[in-house]
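Lettering of chains follows the sequences in order, A, B, ..., and the numbering in each one begins at 1. Since the structure is predicted, the reported quantities are computational estimates derived from the model, not experimental observations.
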Amino acid sequence: MTDERTLLGRIAAQLRRAHHDEAQGPASRASEAPAIPRDHGTLVARFSAEWQALAGQVHVVGSEQDAVDVIVGVCRANAATRVLTWTGAAIGVPSLERRLEAAGIGADHGWLPDDAAARADRLTVLADIPVGITGADALLAESGSVVVVSGPGRSRLASLLPPVHVTIARTGNVHLSLQHLFEAQPALADQGSNLVAISGPSRTADIEMTLTRGVHGPGEVHVVLIDTCDGCRVRRG
Amino acid sequence: MTGPATFYRRAEEALADRALQGKVQRATARLMAARTAGFTALEDADAVRDRARAVRADVVAHLDTHLATFARAFRARGGHVHWAADADEAVRIVADLATSRGVRTAVKSKSMVSEEINLNAALERAGVRVVETDLGEWVVQLDRDHPSHIIAPIIHKSRDDIAGIFRREMGATDAEMADVPQMTAFARRTLRAEFLRADMGISGGNFGVAETGSVCLVTNEGNGRLTTTVPRIHVALMGIERIVPTMADLGVMLRVLARSATGQPLSVYSTVLTGPRRRSAGGAEAGSEPDGPDEVHVVLVDNGRSRLLGTDVAEILYCIRCGACLNSCPVYQAVGGHAYGTVYPGPVGSVLTPALGGLGPFADLPYASSLCGACREVCPVRIDIPRMLLALRARIVEEVGQPAWLSTGLWWYARLATRPRLFALAARLAARATRMVARDGWVTRLPGPLGRWTAHRDFPAMPERSFQQLWRARKAGGR
């Protein structure tokens, strides 16, 4: 097998003989500063509009209590008696598990055991859960995306395995795009093994360019927006 | 890379296949319209594209430094880095990983590099069952076919073709193939079972972020996330040029990637993977991530890329594989991806394939273009593909040579074109000839060997008065 030093040495040698490519990019990598409306209310409204344009559903609520009520409603609509969920603590709604249980809904935090066979068995169980629940670390306006980062109590599969995914988000951390989010919070992605920006339901257009939802990931996606922002122009639904 | 220089023969076959042309033209037209809408919605599109180009130029100009940073960061987070000088080495690394860990089934998400190194065949030989999980790639695998587009692998197949493949290969029932949603549901059910039993997930990598050693993967279906989350082991394959320096740079690239491919501001899932599942010191549930792979590997594949550095075709390494140049290319639109006979079709492939695989076997690909420049217009990082096609053509003439009829023809043309009177006379004769063979003002069939040229082309008969004549008349004050 080729070792690192050999291959990098080969690359360096090639680069040294570089006659400068006639087609170099602009020298500056400074970020552009265009006149784009970036006030908070506009960004939240745009997120909401884009998410709905992708066939995602938005529920704007005023409190954590109301957020849990929406989740219970989604579970009832999908006949779910179990949910694959982040811990209430990780979502920032500490009463989540207790309130779900009061509604007759069991919370599974999706822990996978070390042993390979036990892991496989556990996955089969998780795959039957109809609803997944996560929090959100940021919202993106331009693409209508919720950004979630994995961590303790923050299952990656909760936003992926069940056919229905509900995100509980606060309107506080909204950015125009991933570029703007990563410029503002360069360390965010490295807080867990997995960061994902989710833009609507899973989809494919591989067969004759026909858009179909829910091919591998969730086909039905909800965002419960806990409105912590005065003057956000989001229609209360 | 498959096979010798046969673009012209394959193109002839494709041009005779009207059904294929219809499918390819409908798909590319839709993708182009979506791309235009996507960039119209991006307020600062030109600035973002400039910055995206600058990021790629920086990476390619200092590739050794960025790769070293990436590898260091990847290892620091508990991942394993493998270097593959060529395709053989790359497949051996993956096959050894699979066999040494007792892997029986591997699920795969879409990876162009894996096609380039022909990974699936090697894994099957090593006794590992491989299941493609991107819907299009799965159909290709079941049908023992090849993808015909970088991002839309089965645009050459109709819905009925695909239903037939599912019936034949998977025993699907008529009810399961009733419509596209049913067919998609069938794929979800079948592939979900494969995900749950797989021992290893194999993916490509759209980008590697040097500062954190992260691998970024972009999918719409979610198969990329399942591949990199469910199995215990994840192996990512990436070309060595796929690095971006920082997370903010990644954000810039992602703003143009999906837009260029399908018009989406972002794909449904833009995933950043940084190391294996994270555990607290004791592995206790309280401080550990609940899921994710325990073991992650990245295979950095050279396979000819480093040879391009410092040459006049190094710019092709800026490519982010969005497929926009395919959709915009009048040649691709007419013949589809299979005519190129290579893993990377279309304008980007016509540069990349001969650059990586040698001019000898792929000498006709740089000619598979009218040099109209549409590819350069739509490229999110503004790669000057026509410039490199010309550079390769020049090299082909020097190293491989050109047919005698072309040399002779060009010699005669040069004599004619440098003698204005003679040129004008020849032009008048040629124009008259086109009017003689034209029907309703169109030349649709030329006699003799010229007939091959008009078999797939029509052109208008030339008018009686040439541009030169019109120009002179206009300058003299007449009309």
Side-chain angles (χ1 to χ4, degrees), chain A residues 1-4 7-8 10-12 14-15 17-18 21 23-26 29 32 34 36 109-112 116 120 123-124 127 142-143 145 150-152 155-157 160 177-179 182-183 186 189-190 192-200 202-204 206-210 212 215-217, chain B residues 27 30 43-44 47 50-51 53-54 57 63-64 67-68 83 85 89 135-136 154 159 162 180-181 183-184 188 196 212 214 220-223 225-226 229 232 247-248 251-252 254-255 265-266 268-275 277-278 285 287-292 302 306 309-310 314-315 384:
Chain A
M1 301 292 152
T2 306
D3 67 29
E4 178 168 337
L7 215 144
L8 291 182
R10 188 181 304 165
I11 292 169
Q14 278 289 135
L15 286 171
R17 39 158 264 177
D21 201 23
Q24 283 296 340
R29 293 207 6 226
E32 78 293 350
I36 293 173
H109 294 138
W111 177 264
L112 296 184
L123 281 165
T124 325
E142 185 177 271
S143 49
S145 316
S150 64
S155 159
R156 285 159 70 160
L157 293 174
L160 181 61
S177 74
L178 269 184
Q179 178 190 349
F182 288 148
E183 275 167 2
D190 201 11
S193 63
N194 181 267
L195 173 148
V196 58
I198 301 173
S199 314
S202 153
R203 68 188 218 179
T204 182
D206 273 346
I207 303 176
E208 287 189 353
M209 310 299 284
T210 308
T212 314
V215 53
H216 285 298
Chain B
R30 282 186 64 162
E43 294 90 339
D44 49 349
D50 284 343
R51 188 164 168 209
R53 179 176 174 84
L63 188 57
D64 51 341
L67 272 174
W83 302 88
E89 209 168 68
L135 177 55
I154 51 172
R159 189 187 122 186
I162 297 161
V180 175
M183 292 165 71
T184 307
R188 178 183 171 112
L196 297 179
T212 53
S214 307
N220 275 326
E221 299 183 357
N223 63 315
R225 291 190 67 199
L226 287 166
T229 306
R232 278 194 53 252
M247 205 55 80
V252 174
L254 291 178
R255 274 183 106 189
L266 278 182
V268 176
Y269 302 110
S270 300
T271 307
V272 183
L273 302 153
T274 312
R277 173 181 181 181
R278 297 190 182 182
E285 191 166 338
S288 305
E289 293 187 337
D291 53 15
D302 182 345
S306 63
L309 296 166
E315 196 188 344
D384 194 348

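Ranked by heavy-atom pairs under 4.5 Å with chain A, the list B/Ile162, B/Val252, B/Thr212, B/Leu254 is led by B/Val252. With chain A as partner, the option from B/Arg30, B/Met183, B/Arg188 having the largest number of non-hydrogen pairs under 4.5 angstrom is B/Arg188. For chain B, the option among A/Leu195, A/Leu123, A/Leu7 with the highest count of heavy-atom pairs below 4.5 Å is A/Leu195.
Heavy atoms of A/Ser145 lying under 4.5 Å from chain B belong exclusively to its side chain. For chain A, no part of B/Ser214 is nearby; none of its heavy atoms comes within less than 4.5 Å. Within the 4.5 angstrom heavy-atom criterion, atoms from both the backbone and the side chain of A/Arg203 approach chain B.
The shortest non-hydrogen separation linking A/Leu178 to B/Ser270 is CD1-CB, 4.4 Å. Taking all atoms of both residues into account, the shortest heavy-atom contact from B/Glu289 to A/Ser193 is OE1-OG, 2.5 Å. The nearest pair of heavy atoms linking A/Gly110 to B/Asp291 is O-CB, 4.4 Å. Pairing each heavy atom of A/Asp3 with each of B/Trp83, the nearest pair is C-CD1, 4.4 Å. The shortest heavy-atom contact between B/Leu196 and A/Thr124 is CD1-CA, 4.4 Å. Of all the heavy atoms in B/Pro290 and A/Gly151, the pair that sits closest is CD-O, 3.3 Å.
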- Run the numbers on B/Arg225 and A/Ile198 for side chain to side chain contact (heavy atoms under 4.5 Å, CB included), then give the verdict. CA-CA 11 Å; B/Arg225 291 190 67 199; A/Ile198 301 173; 4.0 Å; yes
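Side-chain contact between B/Val180 and A/Glu208: absent, with no pair of heavy atoms (C-beta onward) separated by less than 4.5 Å. The shortest side-chain heavy-atom distance between B/Leu273 and A/Arg156 falls under the 4.5 Å cut-off. Residues A/Gln14 and B/Leu63 are not in side-chain contact: their nearest non-hydrogen atoms beyond the backbone lie 4.5 Å or more apart.
Considering only residues two or more places apart in sequence or on other chains, B/Arg278 meets the side chain to side chain donor-acceptor pair (under 3.5 Å) condition with A/Asp190. For the side-chain contact (heavy atoms from CB on, under 4.5 Å) test, residues two or more places apart in sequence or in another chain that qualify with B/Glu285 are A/Trp111.
Taken to the nearest 0.5 Å, the OG1 atom of A/Thr212 stands 11.5 Å off from the CG atom of B/Asn220. Summarising the geometry, atom CD1 belonging to A/Ile207 is positioned 8.5 Å from atom CZ belonging to B/Arg159; distances are rounded to the nearest 0.5 Å. Residue A/Leu15 holds its CG atom at 5.5 Å from CG of B/Asp64, rounded to the nearest 0.5 Å.
Under the 4.0 Å criterion applied to side-chain N and carboxylate O atoms, B/Arg51 and A/Glu183 are assigned as salt-bridge partners.
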